[in-house]
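Note that this is a predicted model, so its numbers are computed, not measured. Only heavy atoms go into these numbers, but all of them, side chains included; no hydrogens, no water, no symmetry mates. The chains referred to below are lettered A, B, ... by the order of the sequence lines, with proteins before strands, and numbering in each begins at 1.
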Amino acid sequence: MSTPTPRASSAATGSSARPVFLRILKWGGLLSLAIAVIGGVVGFLVDSERGLVSALVGTAMAILFTGLTAASILVANRFSGTDFFTAIFFAVVMGAWIVKFAIFLVLVFLLRDQPWINPVVMFLCIIAGVLGSLIVDVVVVATSRMSYASDVKLPGE
Amino acid sequence: MDATTVLAEINGNIATVGYGLAAIGPAIGVGIVVGKTIEGVARQPELAGRLQVLMYIGIAFTEALAFIGIATYFIFV
């Protein structure tokens, strides 16, 4: 008699959300390229190389830190089916969130007084990156196709 | 006689207080979003995927507020 091998339950794993988060990361990356190009050109016109570097660093910071939430959810979903999935999920997502803000704070304090940074250009690029990523998030989620009972496990499975 | 008397003196950058204020809102917001998601998943585990996506949207909007609040350090002296 063969004993049934324990299989990772799809219920409560959120694995059906994976394509949505991958699309969010993909479109967020493309948006960051667009903002980097436009911001870089405008920054260069405003303050030559200083403006260009500030725009690139600002865009990179905004997209990296906003995209980290989706990436952390994807990483946390790898633990789906384990006994402590809920605890691990929220520990990974919230842990990444708090570490991200600590690093962002330190970067802001360090970069502001650097001679090769134009604070206004950098600030505007961060705002553009954050607002742009919000738009991408909403559009991707609004156009995503997920069944209502997304991770249901049928009897006998 | 001097008309004003100094009772207390505060030194340092007032922007520190600004960061503290900017942290309160997102902290409460993310706490509510995550707490309600846990509640929802506990009630209906089969909805975990949808709830994760909705939680992400809630976190994204809340953290945008924090990012903008912290980044104002670049323009406010």
Task: Hydrophobic cluster identity match, A/L56 and A/W116, side-chain contacts under 4.5 Å - done: no

Closest heavy-atom pair, B/A64 versus A/L134, reported as atoms and distance to 0.1 Å, is CB-CD1, 3.6 Å

Within the supplied structure, the quantity of interest is the number of heavy atoms (other residues, nucleotides, ligands) at a distance under 6.0 Å from A/L110 CG; does it exceed 12? yes

So, the part of A/A62 with a heavy atom under 4.5 Å from chain B: the answer is neither

For the hydrophobic clusters of this structure (ILVMFWY residues joined by side-chain heavy atoms under 4.5 Å, transitively), does one cluster hold both A/V99 and A/V92? yes

Between the OG1 atom in B/T37 and the CZ atom in A/F89, the distance rounded to the nearest 0.5 Å is 8.0 Å

In short, B/G49 meets A/A17 closest at the heavy-atom pair O-CB, 3.5 Å

A/V93 side chain reached by B/Y56 side chain, heavy atoms, under 4.5 Å:
no

Applying a strict 4.5 Å limit to non-hydrogen atoms, the region of A/V130 in contact with chain B is side chain

task = For A/M94 and B/I59, run side-chain contact (heavy atoms from CB on, under 4.5 Å): C-alpha distance rounded to whole Å, both residues' side-chain angles, the deciding distance at 0.1 Å, then the answer.
result = CA-CA 10 Å; A/M94 289 292 95; B/I59 291 179; 3.9 Å; yes

Bottom line for B/I70: the part with an atom under 4.5 Å from chain A's heavy atoms is both

Are A/L111 and A/V121 connected in the hydrophobic side-chain network, where two residues link if heavy atoms are under 4.5 Å apart? no

Quiz item: So do the side chains of B/F67 and A/M61 get within less than 4.5 Å of each other, counting heavy atoms only?
Solution: no

Do the side chains of A/I35 and A/V46 join up, straight or via other hydrophobic residues, at under 4.5 Å, putting them in one cluster? no

Highest number of heavy-atom pairs under 4.5 Å with chain B among A/I127, A/I126, A/T69 belongs to A/T69

Bottom line for A/V138: the part with an atom under 4.5 Å from chain B's heavy atoms is both

Turns out that what part of A/L107 lies under 4.5 Å from chain B's heavy atoms comes down to neither

What I'd like to find out is whether the side chain of A/D137 reaches to under 4.5 Å of the side chain of B/F61, using heavy atoms alone. no

Is there side-chain contact between A/F65 and B/E63, with at least one heavy-atom pair below 4.5 Å? no

- Step through the shown structure and confirm whether more than 12 heavy atoms of other residues, nucleotides or ligands are within 6.0 Å of CZ on A/R78. no

The interface call for B/A66 against chain A, heavy-atom contacts under 4.5 Å, is both

*Shared hydrophobic cluster, A/L64 / A/F21 (ILVMFWY, side-chain heavy atoms < 4.5 Å)*: no

Most heavy-atom pairs under 4.5 Å with chain B, out of A/V108, A/D113, A/L124, belong to A/V108

Applying a strict 4.5 Å limit to non-hydrogen atoms, the region of A/V20 in contact with chain B is side chain

